[in-house]
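So that the names make sense, note that chain A is the first sequence line, chain B the second, and so on, each numbered from 1.
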Amino acid sequence: MALRVDIVAGSTTPIYRQVVDQIRLAVVTGDLEPGDPLPSVRALAAQLVVNPNTIAKAYGELSRSGEIVSQRGRGMFIGHAAPTPDASERRTRLASEAERLIQQALLLGASQAEVLALIRETWAGLEEAKKGPDDES
Amino acid sequence: MNDTPISAHGLTRAFYGHLAVSNVSFAVPRGQVFALLGRNGAGKTTTLRMLLGLLEPTAGEARLLGQTSRDLSPETRARIGFMAEGCALYDWMRVKECIAFQRAFYPRFDDETCRAVVDAFRLNERQRVGELSHGQRAGLNLAVVLATEPEVLILDDPAMGLDPVARRLLLEAMVHFSQRDHTTILYSTHLLADVERVADGIILLERGALRACCTVDTFRQRVRRYAIPFEGEPPSLPDEATIIAKKRFEQEMLVTVVTPAATPEGELPSVLALPDHEVEPLPISFEDAAIAYLGHRGEVRFVVERNDA
């Protein structure tokens, strides 16, 4: 599947970070798989209308960790390494997302049990979707 | 090759005893896009005019493509593109005539580039320049400037009065030419979200003085925001110039701080080491950081660094 990146300028998240996060997201949700090609720095910069050095910075971060790999003359591809956020970063980012989810739940009058059940269900659904295409092919 | 095609060295200009630009130094590395920021009257246009050799500096020097701006040779001038504030074009010409007029001055005029930009802005070649909309006028100006394939491009508030579509086209053109031809671009603007998109670095002026010159990333790392919750008495903060904004709310205080260059990302700046209070880092956008920085009174310079391209 093609990579789809949407960036928002003026956000509290720097643009390079938005690109990194969305490529990671595409991998963990199974939209991109190891070996899938990525657009070139130039092409993605032109497509998103952002400074090419910003894209280069995002690709640099992902290739240092092996999440994407460059093949000489052929471009960038999704690699086999999984993202490795350190424990404290993982905690902070998940905590802020959890807070947002709970706020929504309170706003909509949902119970804790309802929210937890929904999380389990959604999690299973995503894993299923990720496995899906492999089984068919 | 000269690796900083645009530079200013102690650039100063006085008008009737008032310093419009005062001792401003910066350098834009080859192939990079720099935004010139500052409130109205900060000295942006005066700086650009001195760079182009259109205005004599009172002191200091501006240099373009390795030559002092005071006496640029015609050959060097032909390698520089400039779009003046409000787009200086002859209203009585038709679009077609305007293009032919510009072409006559530049042997390297590229018709294909010109046509591509003219088409992107949906200009009708038979229309009179005076009848064009703001955005179309900017598009035409951009077309005739970019068609000369400039190595250095200087744009004075090119986004002024543009609708969102024209603004995006302008950004696309900037990204495209900085990538394809390694054009070095300096442009003045008030649109901070666009700066975040396309600029490598910023040059920030306030009342004629240089307040910051650094990469967009450095600026983001250095200007940070914190929340300090409190009950009863608000925390008393040290009287430090690096605390550029304080906003007191009922139960918390929001503080914007310029951190010293070496402060690691998660670390609290020492001015906020408050024994009796928790200090919580908050995310801040580039736009909010720049507004806090610009809104701060005084001509303190915190974020000026050497450009290493």
Side-chain angles (χ1 to χ4, degrees), chain A residues 4-23 38-65 75-76 83-101 103, chain B residues 29-35 120 164-183 185 187 189 191-202 215-221 223-225 256 265-267 280-291 309:
Chain A
R4 194 160 295 135
V5 182
D6 286 309
I7 61 125
V8 184
S11 142
T12 54
T13 312
I15 292 172
Y16 91 91
R17 166 71 39 212
Q18 297 180 35
V19 174
V20 167
D21 285 352
Q22 290 184 45
I23 291 175
L38 284 168
S40 68
V41 167
R42 278 165 168 262
L44 192 55
Q47 185 194 326
L48 300 177
V49 195
V50 298
N51 189 304
N53 294 328
T54 304
I55 305 297
K57 186 175 175 185
Y59 278 14
E61 183 168 323
L62 290 166
S63 54
R64 268 192 301 282
S65 59
M76 293 299 235
T84 48
D86 65 76
S88 81
E89 191 199 333
R90 183 165 68 203
R91 213 194 131 70
T92 344
R93 293 181 65 182
L94 279 177
S96 87
E97 291 300 319
E99 204 172 292
R100 280 229 304 256
L101 176 63
Q103 283 165 356
Chain B
R30 179 170 298 278
Q32 297 214 347
V33 179
F34 265 58
V165 176
R167 231 173 90 190
R168 183 54 63 86
L169 288 170
L170 170 73
L171 295 184
E172 280 178 11
M174 284 168 60
V175 168
H176 178 79
F177 284 90
S178 76
Q179 270 201 86
R180 193 193 72 176
D181 304 340
H182 302 288
T183 311
I185 304 179
Y187 81 113
T189 188
L191 301 170
L192 298 166
D194 289 354
V195 171
E196 190 190 351
R197 263 181 190 275
V198 303
D200 291 286
I202 57 169
T215 65
V216 174
D217 283 340
T218 300
F219 192 80
R220 283 195 83 123
Q221 279 158 19
V223 182
R224 302 186 198 169
R225 180 166 286 173
T256 312
E265 207 144 326
E267 197 168 294
E280 184 191 324
L282 286 184
I284 182 169
S285 66
F286 170 73
E287 184 159 7
D288 283 349
I291 289 170

_B:Leu192 portion near chain A, given a 4.5 angstrom heavy-atom threshold_ = neither
*For B:Arg180, does the CZ atom have more than 12 heavy-atom neighbours from other residues, nucleotides or ligands under 6.0 Å away?*
yes
_chain A contact via B:Ala289 - which portion, at a heavy-atom distance below 4.5 Å_ = neither
*Which pairs, with at least one residue in residues 41-59 of chain A and sequence neighbours excluded, count as a salt bridge (charged side-chain N to carboxylate O under 4.0 Å, His left out)?*
A:Lys57-B:Asp217
*What distance do A:Asn51 atom CG and B:Gln179 atom CD have between them, rounded to the nearest 0.5 Å?*
8.5 Å
*Do you know which of A:Ser11, A:Pro14, A:Ala45 has the most heavy-atom pairs under 4.5 Å to chain B?*
A:Pro14
*Closest non-hydrogen atom pair between B:Glu196 and A:Thr13, with its separation*: OE2-O, 4.3 Å
_Minimum heavy-atom distance between A:Gly10 and B:Glu287, given as atom pair plus value_ = CA-OE1, 4.5 Å
*Hey, does the side chain of B:Arg197 reach the backbone of A:Ile15 with a donor-acceptor pair shorter than 3.5 angstrom?*
no
*Over all atoms of both residues, closest heavy-atom pair of A:Val50 and B:Val175*: O-CG1, 3.6 Å
*Measure A:Leu48 against the heavy atoms of chain B and call it side chain, backbone, both or neither at under 4.5 Å.*
backbone
*Identify the heavy atoms of A:Thr12 and B:Pro283 that sit nearest to each other, and give their distance.*
CB-CB, 3.5 Å
